[in-house]
Q: 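I am attaching a structure below and will ask some questions about it afterwards.
Worth saying up front: this structure is predicted, and the values here are computed from it rather than measured. Lettering of chains follows the sequences in order, A, B, ..., and the numbering in each one begins at 1.
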Protein chains: 2
Amino acid sequence: MNQRQQELLDRLNRTGKILIEEEAEHFSVAPMTIRRDLRFLEKNGLAVQTKNGAIPKPKIYAAPLNMAEDSAIKRKIATKLLEMIEPLSTVMLSTGTTTLTLARLLAQQNLPLTIITNSIPIASALFQTRIKVILIGGELRTTSLDLVGPAAEKYLSEYHIDLLVTGCDGADAEEGFYTSDLNLANLEKMSAKVSDKVIVITESRKFGKKALVKFAEIGDVDAIITDNRLKTIDRELLNRHGIELYIT
Amino acid sequence: MNQRQQELLDRLNRTGKILIEEEAEHFSVAPMTIRRDLRFLEKNGLAVQTKNGAIPKPKIYAAPLNMAEDSAIKRKIATKLLEMIEPLSTVMLSTGTTTLTLARLLAQQNLPLTIITNSIPIASALFQTRIKVILIGGELRTTSLDLVGPAAEKYLSEYHIDLLVTGCDGADAEEGFYTSDLNLANLEKMSAKVSDKVIVITESRKFGKKALVKFAEIGDVDAIITDNRLKTIDRELLNRHGIELYIT
DNA sequence: CTCATATCTGTTAAAAAATAACATTATCTA
DNA sequence: TAGATAATGTTATTTTTTAACAGATATGAG
């Protein structure tokens with residue numbers, strides 16, 4: 001990286017965006033040269049080329065993050081859960097996209113709460129709100145920005161939680177709830193153990209799918225919030241287990 | 001926002017990037033229509049237009065983080081430190097902007113390492129590299145995206161670290177190193193305690209400034225890396241303490 | 001219901017931007 | 001210094017974007 005590219009990067013980070021024409025003039029070089037610089041910076045993961053210029057590479061969320069974010073369904077489910085949160089209580093939000101949507105709603109509400117989580121996106125979403133945020137330490141997963149592992153479990157074992165809110169990768173109305181990561185399953189079990197109440201929030205399409213590891217029996221869960229595409233048979237089975245079922 | 005724009009946004013967030021031609025085909029509309037949608041999303045701060053498409057709007061988190069990022073000076077200092085990192089070792093990177101710059105360089109190098117940190121931006125920067133990342137749990141500070149508090153200290157006390165790399169808010173060539181947060185100072189002390197070697201990386205302009213709390217004596221530190229604007233008097237004082245001093 | 005109005009979409013031509021290919025200049029090294 | 005290598009500039013071509021307008025669709029008041 002040459003001097004000009006360094007300074008270009010500094011200017012980029014300082015202002016949040018640069019324009020090719022402007023920079024060409026500033027450095028007294030041809031626009032083509034700036035283009036080549038931006039190509040270089042992009043190739044090295046330092047910038048993203050935009051229309052007539054570039055912006056800094058997004059820092060916290062890597063682009064290839066396969067995080068299905070805020071869909072209309074998730075927002076409805078999360079909004080329903082919002083009603084069930086008591087001010088001043090301690091709530092654990094386990095990693096997941098629906099819980100992330102919930103966190104974003106909470107950030108807007110700005111209730112006095114303590115949130116415990118093992119998800120970096122959730123902690124970030126709650127940054128600089130009135131909410132006290134405790135992030136559980138542990139090993140960073142390579143698949144998503146969250147923390148798992150024995151250290152995380154041990155850490156969690158010393159807490160008491162009023163309400164655990166979690167999603168799932170798969171659900172079966174008779175068998176229980178599944179996730180695709182063993183470490184995460186262990187953490188979920190520990191979370192449930194130290195929690196007074198457990199609510200699962202999940203899109204109905206997860207029902208009928210089993211993932212790698214079961215982390216909770218149906219009976220371990222106090223309530224489920226899901227969308228109105230849930231099959232009648234599943235609704236009946238869940239009701240038979242005496243679970244509070246909320247359909248949005 | 002209409003139905004198509006909503007879905008476009010969902011697709012954008014899900015995949016991290018969309019292309020105009022593809023979306024035009026997917027929705028069976030003219031490319032011009034997708035262009036107009038992307039213009040709309042950009043105007044509402046939801047997306048950034050790129051060459052043939054768009055990416056999600058980068059979520060900028062903390063003002064203090066954007067302010068002092070990657071400068072040429074920091075990169076030089078961090079590059080020097082890079083030489084001192086042994087493959088396969090366990091390195092702690094304490095929160096700070098210079099250490100963040102270092103983390104970004106490390107992410108590009110992709111060495112086999114274990115990195116322990118209490119900084120969310122640092123952990124995020126190392127996401128999806130060959131580096132094993134351990135994030136120390138704790139309470140999220142309201143001033144920057146990092147974790148401190150008794151829980152973090154206790155967590156750390158159980159580790160052994162080969163090399164601690166930390167910055168500082170203030171330094172005095174006779175007195176030692178300072179930070180402006182009491183909790184963070186305690187964490188730094190604990191980190192130093194469990195580390196074989198301690199290196200401070202900091203811009204020279206921090207010298208001569210004292211911040212709220214001292215977290216290390218000069219003698220506690222094995223090496224300092226700083227830039228060539230360090231005053232002669234400070235250089236002499238540091239040399240007299242027998243510290244390895246690297247000027248970039 | 002109907003007409004008028006506003007909104008949305010598609011089409012085209014023109015403008016702007018990006019690229020590739022080659023020419024020129026600068027830099028390095030033996 | 002000569003020769004090689006890398007960086008930059010220039011130009012023509014291709015691609016992308018825009019603006020402007022025309023047609024289609026939706027909206028709403030009377």
Q: Can you see which heavy atom on A/Ser180 is nearest to which on A/Ala211, and at what distance?
A: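 For A/Ser180 and A/Ala211, the tightest heavy-atom pair comes out as N-CB, 4.1 Å.
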Q: Tell me which one of A/Thr95, A/Leu147, A/Asn118 satisfies side chain to side chain contact (heavy atoms under 4.5 Å, CB included) with A/Arg141.
A: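 Looking at A/Thr95, A/Leu147, A/Asn118, the match for A/Arg141 under the side chain to side chain contact (heavy atoms under 4.5 Å, CB included) is A/Thr95.
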Q: Whole-Å distance between D/dT18 C1' and B/Gln49 CD?
A: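 Nearest whole value for this atom pair: 11 Å.
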Q: Can you measure A/Arg4 atom CZ to D/dA6 atom P for me and round it to whole angstrom units?
A: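 That distance rounds to 17 Å.
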Q: Under 4.0 Å: is that the gap between some side-chain N or O of B/Arg36 and OP1 or OP2 of D/dT18?
A: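 It does not, given that no N or O in the side chain of B/Arg36 lies less than 4.0 Å from OP1 or OP2 of D/dT18.
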Q: Which whole-number value in Å describes the distance from B/Phe27 CZ to C/dT9 C1'?
A: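 About 15 Å, once rounded to whole Å.
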Q: Taking the side chain of B/Ala30 as heavy atoms from C-beta outward, which of D/dT8, C/dG10, C/dA18 is closest to it?
A: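 Ranking D/dT8, C/dG10, C/dA18 by closest atom to the B/Ala30 side chain puts C/dG10 first.
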Q: With B/Leu102, which of B/Ile122, B/Leu93, B/Ile115 fulfils side chain to side chain contact (heavy atoms under 4.5 Å, CB included)?
A: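 One option only clears the test, and that one is B/Leu93.
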Q: Does the distance from a Lys or Arg side-chain N to an Asp or Glu carboxylate O, for A/Lys209 and A/Asp169, drop under 4.0 Å?
A: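 No salt bridge links A/Lys209 with A/Asp169.
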Q: Just how far, in rounded Å, is P of C/dT11 from CD1 of B/Ile34?
A: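 Atom CD1 in B/Ile34 sits about 14 Å away from atom P in C/dT11.
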Q: With distance as the sole criterion, is a donor-acceptor pair present between the side chains of A/Asp227 and A/Thr248 under 3.5 Å?
A: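 A/Thr248 and A/Asp227 do not have a side-chain donor-acceptor pair below 3.5 Å.
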Q: Side-chain N or O of A/Lys51 versus OP1/OP2 of D/dT16: is the shortest distance under 4.0 Å?
A: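 Looking at the OP1 and OP2 atoms of D/dT16, neither is under 4.0 Å from any side-chain N or O of A/Lys51.
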Q: If you check the B/Met32 side chain, which of C/dT9, D/dA19, C/dA18 turns out closest?
A: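 Given the options C/dT9, D/dA19, C/dA18, the side chain of B/Met32 is closest to D/dA19.
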Q: Atom CD of A/Gln3 and atom P of D/dA7: how far apart are they, to the nearest Å?
A: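 So the CD-P distance, A/Gln3 to D/dA7, works out to 15 Å.
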Q: Can you check the B/Asp37 CG to C/dT9 P distance for me, whole Å?
A: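 It is 7 Å, rounded to the nearest whole Å.
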Q: Can you tell me if the side-chain N/O atoms of A/Thr33 get under 4.0 Å from OP1 or OP2 in D/dG9?
A: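 Checking A/Thr33 against D/dG9: at least one side-chain N or O falls below 4.0 Å of OP1 or OP2.
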Q: Rounded to the nearest angstrom, tell me the gap between atom CE in A/Met1 and atom P in D/dA7.
A: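 The distance from CE of A/Met1 to P of D/dA7 comes to 14 Å, rounded to the nearest Å.
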Q: Please compare B/Ile20 and A/Gln5 by the position of their nearest nucleotide in DNA chain D and report the one closer to 5'.
A: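 The 5'-side residue here is A/Gln5.
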Q: Given C/dT19, D/dA19, D/dT16, identify the nucleotide with an atom nearest to the side chain of A/Arg35.
A: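 Side chain of A/Arg35 sits closest to C/dT19.
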Q: Has B/Arg39 got a side-chain N or O lying under 4.0 Å from the OP1 or OP2 atom of D/dT18?
A: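 Affirmative; the distance criterion is met.
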Q: What is the distance, rounded to the nearest whole Å, between atom CG of B/Leu38 and atom C1' of D/dT16?
A: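 It works out to 13 Å between those atoms.
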